[in-house]
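Since the structure comes first, as structure tokens, the remarks are kept for the end.
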Amino acid sequence: STVIIEPGVLVEDFQQQVLDQKGYASIVADAAKISLSGFVLGGGYGLLSRKYGLGIDNVIRLRVVLTNGIVRDVFQGDDLFWAVLGSGGTNFGIVTEFEYRVYPSHDMKLAASVRLSLEDASYFLEQLGNAEQKLDRNVTVRVHGIQRSPNDTISPSSAVEKLIENHTLLQDSAIFDGTTEITIYWMGYCNPEDPVGMTYIKEKLGPLLPPKAIENLWFYYYSWSALSRAKEQPETWGSIWAAQSWNGFMYTQENLPEVWDEIQKSFSVLFQYARHVTPTVELWGGAIASIPHNWTAFPHRHSLYLVRLDLMMPKDNSTTAAEAQKLYDQEVALVSAVWPSISKHLQGVFVNYPMPSLSRNEYPVAYWGDNVARLAQLKQRFD
């Protein structure tokens with residue numbers, strides 16, 4: 001089945017008015033107030049992507065207004081269709097509607113969560129990466145967030161001063177003793193009386209966790225569509241003063257114990273000081289990787305993981321704009337110092353998570369890889 005969507009539709013509206021009411025699922029963003037069109041045209045990764053592909057893989061037709069005023073409906077095989085999907089959409093014309101696949105589905109889904117140290121989470125990600133090609137496509141995994149010890153003393157200002165003076169931040173010997181959360185999602189059939197998903201997770205993914213963590217795995221059923229409703233999301237999401245992302249794709253050849261050990265140590269140093277920075281690691285593969293890398297303008301579909309750091313500075317009425325800007329700049333400096341030790345194991349950047357620290361010369365290849373040359377040619381043709 002397909003739905004015709006215009007560009008002003010938000011994820012929350014699509015969930016409520018189509019998916020919830022009609023009993024369907026599709027590839028959508030997590031956040032309620034994100035425009036569905038921007039999400040899809042940038043690539044579109046969601047919890048169902050390992051099962052059904054990226055958002056761009058589920059577009060049947062685009063209606064595009066070109067700069068000369070001509071309105072075109074374009075389909076797979078058309079150069080304009082190829083260029084718009086994965087490029088972000090606005091370089092070649094204005095998309096006024098798109099036809100999008102949806103799939104019959106029940107709203108109840110299953111998840112299993114556990115909190116681990118960064119070291120144990122790195123061990124799990126390496127084991128999971130080795131097993132990815134054998135995993136059921138109903139499974140997706142996300143490592144996300146940081147919970148600090150109440151005893152942590154965080155001083156980003158002193159860390160920045162140390163960095164500027166002698167560049168020794170990465171040599172810091174202190175150990176971060178906080179935790180991160182691993183969530184395993186079963187996006188297929190869910191029925192508490194027939195717990196096929198729970199059985200699969202216990203048998204296939206439980207052994208990939210450190211032995212001491214298996215007994216702490218917490219299972220729960222949830223409303224999948226509720227994840228994309230504003231009322232279900234943290235209030236801080238609606239009160240961000242400033243934000244920035246650093247991200248890249250890890251490929252199978254980098255899924256090694258020594259690589260994850262270096263990433264874990266870099267995270268450990270960073271999270272001692274940066275109070276507004278959180279990590280996310282998303283499992284890719286499955287249906288995403290079943291399509292050739294040049295089938296759309298998005299080139300990174302054969303990656304194993306997307307590794308991301310997000311700096312989100314909330315609004316705080318007790319802090320002046322100057323104070324908030326100073327703290328934001330300090331944390332940007334901290335991430336910028338640590339990120340190279342992580343990004344050397346990654347390739348590319350996701351258009352959906354724009355990375356403003358990229359230079360004018362870096363960003364075209366980072367976003368679109370080998371597809372840049374064809375995109376440039378089509379830019380000249382259509383705009």
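Counting from 1, the numbers follow the sequence of the chain as shown.
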Does the pair R301/D57 count as a salt bridge with the N-to-O cut at 4.0 Å? yes
Strictly below 4.0 Å, N to O, side chains only: are R229 and D20 in salt-bridge contact? yes
How about Y222 and D107: does a side-chain donor come under 3.5 Å of a side-chain acceptor? no
N-O pairing of E181 and R115 below 4.0 Å: yes
Below 3.5 Å, can you tabulate the donor-acceptor pairs from side chains in residues 202-221 to any protein atom, sequence neighbours excluded?
unit_1 : atom_1 : unit_2 : atom_2 : d
Y220   : OH     : S113   : OG     : 3.2

Could you check whether D310 pairs with R308 (Lys NZ or Arg NE/NH1/NH2 to Asp/Glu carboxylate O, under 4.0 Å)? yes
Is the closest side-chain donor-acceptor distance between E262 and H345 under 3.5 Å? yes
Can you pull the side-chain hydrogen bond (donor to acceptor under 3.5 Å, both in side chains) pairs that have at least one residue in residues 369-378, sequence neighbours excluded? D79-R374
Under a 4.0 Å threshold between the charged nitrogen and the carboxylate oxygen, would D177 count as salt-bridged to R148? no
Answer with yes or no whether the side chains of S341 and S266 bring together a donor and an acceptor at under 3.5 Å. yes
With under 30° as parallel and over 60° as perpendicular, where do the rings of F92 and F382 fit, or are they tilted in between? perpendicular
The ring-ring contact (aromatic ring centres under 6.0 Å, His included) partners of Y24 (sequence neighbours excluded) come to none
State whether the side chain of E97 and the backbone N or O of P7 hold a donor-acceptor pair below 3.5 Å, judged by distance alone. no
Parallel, tilted or perpendicular for F249 and H300, by the 30°/60° rule? parallel
Aromatic ring proximity, centroids under 6.0 angstrom, Y185 and W224: no
May I ask you to say whether D13 pairs ionically with K33, meaning some side-chain N is under 4.0 Å from a carboxylate O? no
